[in-house]
Amino acid sequence: MMTRENKWLIINAFIFVLVGVLFLFGYNMYKEQLVVNQYKEYIPTVTSLKEEKVEDSIIQKKITLKNGSEVVGYAYVGSDFAEGIPATDGGPKELRIQVVTDKSGVIKKVFIEYSEHTPDYVKYVEQYFEALPGTAIIDYKKVDEVAGASAKSMPIVREILTEATKLITGKEPNPKELPDPYKDIFENYDSYEVDTTFTATDKVTKKEIVKDASDVILGYAFTVTGTVDDIPYHDGPARITLLVGIDTSGKIVGLQTLLSEHTSSFYDMHNPYFDNLSGVAIDSYETVDTISGATLSLNLIKQLLDAVKAVA
């Protein structure tokens, strides 16, 4: 027969367990409310959220944001690792970011949750994130990246934004609308045609005849490309491809970078040099003062101009 003392022990134990359960329930509700309040900063109508794992993706977690039973937005958490991060031991280092959108896919906030990447370069990634809110995520590529963003960190950022785009819209992100480099180089440009008599070299891959609307030849456009090793923060050979415009008198009328795998914070130092080349004869481009810094990139640029000089 159960004694009164044992009954009280059981009752007290039950009360203790019940209080513990209620405490945990209340604590979890409190924690969830704190998280909800964070999202309210970006989507004020959020009242609750639901988390779920995403399998086989760079996105690890999807968070559905709700107002009652109505979906008002989404948050996606994704991460990946990159090796060779500056100022580290060179091993794999994580970058984890979160993308918050409204239910239509307009970006409300993108931020770094966790980073083992170099702060001096991650700050440029954060500046890029500041420009994204208000953009439909399917158009995120149309927002210019910030010069100086690490060649190690930005590929992870692009992967996560692209995967989040596909999860929200079911489509690939729209490509960035690039300006026409021929228009930037040649005044009165209307059309160009490939010079079929030109024989490509190991660096100069194409020559084009550039014309105005009256079919008058304005000059020639040379596509020239090459690689160099040991570029900071880049694994393996890093390529540069240039479009060099030469007028009919042999003078440089402009130069555009079609592709650069070099670290942008260094490569962009050469933009004033490119501007100063305009109007200079390709035969005497060496007389133009260069810009200090980024020696490896500059040496390759000179090699490319030499290659154009040899065939112009």
Side-chain angles (χ1 to χ4, degrees), residues 57-59 74 76 78 80 82 95 97-102 104-112 117 121-186 189-192 205-206 208 210 221 223-225 227 231 233-235 238-245 254-272 274-275 297 301 304:
S57 172
I58 193 171
I59 303 289
Y74 302 97
Y76 294 89
D80 204 352
L95 179 65
I97 72 173
Q98 184 168 161
V99 183
V100 184
T101 75
D102 65 16
S104 67
V106 174
I107 296 172
K108 307 301 289 186
K109 182 73 173 179
V110 184
F111 61 92
I112 294 174
H117 292 206
Y121 291 93
V122 168
K123 68 182 181 182
Y124 296 110
V125 175
E126 292 174 325
Q127 288 176 18
Y128 169 59
F129 288 169
E130 291 173 3
L132 289 173
T135 302
I137 194 166
I138 199 167
D139 290 328
Y140 89 82
K141 288 186 176 181
K142 296 181 179 181
V143 177
D144 290 336
E145 295 179 6
V146 175
S150 169
K152 300 289 185 178
S153 305
M154 284 307 298
I156 296 175
V157 171
R158 294 186 204 109
E159 283 186 86
I160 293 171
L161 287 169
T162 294
E163 191 63 22
T165 299
K166 291 191 288 187
L167 289 171
I168 293 173
T169 68
K171 301 177 182 178
E172 293 282 346
N174 292 324
K176 183 177 181 179
E177 296 173 356
L178 298 176
D180 187 336
Y182 298 89
K183 286 185 178 179
D184 288 338
I185 293 174
F186 291 93
Y189 158 80
D190 180 72
S191 64
Y192 67 84
T205 61
K206 186 165 51 176
E208 293 157 324
V210 182
T223 302
V224 57
T225 188
T227 61
I231 292 296
Y233 322 133
H234 196 287
D235 294 330
R239 182 171 297 278
I240 295 174
T241 301
L242 304 177
L243 186 69
V244 182
L255 185 153
Q256 290 288 318
T257 302
L258 300 181
L259 170 70
S260 172
E261 295 175 337
H262 292 212
T263 307
S264 58
S265 56
F266 294 112
Y267 184 78
D268 290 346
M269 294 178 182
H270 300 300
N271 288 333
F274 293 160
D275 292 339
S297 298
I301 290 167
L304 299 180

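Source: prediction; values computed, not measured.
- Salt-bridge annotation for Glu126 and Lys123: absent, with no side-chain N of the basic residue lying under 4.0 Å from a carboxylate O of the acidic one.
- Of the possible polar contacts, none joining the Asp139 side chain to the Lys142 backbone as a donor-acceptor pair under 3.5 Å is found.
- What you find for Ser260 and Thr257 is that their closest heavy atoms are CB-CG2, 3.9 Å.
- Remark: Tyr189 pairs with Tyr182 by the ring pair (Phe, Tyr, Trp, His ring centres under 6.0 Å) rule, at least two apart or across chains.
- A distance of 6.0 Å separates CD1 of Ile160 from CG of Leu95, quoted to the nearest 0.5 Å.
- From Ser104, atom OG reaches atom CD1 of Ile168 across 9.0 Å, with rounding to the nearest 0.5 Å.
- Residue Ile156 comes nearest to Ile58 through the heavy atom pair O-CD1, 4.4 Å, listed as atom of the first residue, atom of the second, then distance.
- The shortest non-hydrogen separation linking Ser153 to Val122 is OG-CG2, 4.5 Å.
- Rounded to the nearest 0.5 Å, atoms CD (Glu145) and CG (Leu132) are 9.5 Å apart.
- Taken to the nearest 0.5 Å, the OG1 atom of Thr223 stands 9.5 Å off from the CG atom of Leu242.
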query: Under the side-chain contact (heavy atoms from CB on, under 4.5 Å) criterion, do Val157 and Val125 qualify, and how do the steps go?
result: CA-CA 8 Å; Val157 171; Val125 175; 3.8 Å; yes
query: What do the steps show when you test Val224 against Thr241 for side-chain contact (heavy atoms from CB on, under 4.5 Å), and what is the final call?
result: CA-CA 6 Å; Val224 57; Thr241 301; over 6 Å; no
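- Side-chain atoms of Thr135 do not come within 3.5 Å of backbone N or O of Ile137 as any donor-acceptor pair.
- Contact annotation: the side chain of Tyr128 never approaches that of Val110 to less than 4.5 Å [non-hydrogen atoms, C-beta and beyond].
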- request: Show your working on side-chain contact (heavy atoms from CB on, under 4.5 Å) between Tyr267 and Ile301 and close with a plain yes or no.
  value: CA-CA 10 Å; Tyr267 184 78; Ile301 290 167; 4.1 Å; yes
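- The heavy-atom pair separating His117 from Ala82 by the smallest distance is CE1-CB, 4.1 Å.
- Scored by the side-chain contact (heavy atoms from CB on, under 4.5 Å) test, Pro173 finds Tyr140, Lys141, Thr162, Thr165 as partners (sequence neighbours excluded).
- The backbone N or O of Ile240 lies less than 3.5 Å from a partner atom in the side chain of Thr225, making a donor-acceptor pair.
- Judged by distance alone, the side chain of Glu261 and the main-chain N or O of Arg239 form a donor-acceptor pair under 3.5 Å.
- Between Ile97 and Phe111 the shortest side-chain heavy-atom distance does not fall below 4.5 Å.
- Qualifying salt bridge (Lys or Arg N to Asp or Glu O under 4.0 Å) partners for Lys176, counting only residues two or more places apart in sequence or in other chains: Asp144.
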- request: Start with the C-alpha distance between Arg158 and Met154, add both sets of side-chain angles, then the distance that settles side-chain contact (heavy atoms from CB on, under 4.5 Å), and finish with yes or no.
  value: CA-CA 6 Å; Arg158 294 186 204 109; Met154 284 307 298; 3.5 Å; yes
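- Of all the heavy atoms in Ile185 and Leu243, the pair that sits closest is CD1-O, 3.6 Å.
- Atom CD1 in Ile138 sits 9.0 Å away from atom CD in Glu172 (nearest 0.5 Å).
- The line from CD of Glu163 to CG of Asp80 is 11.5 Å long, rounded to the nearest 0.5 Å.
- Shown here for Pro179 and Asp184, the closest heavy-atom pair between the two residues is CB-OD2, 4.0 Å.
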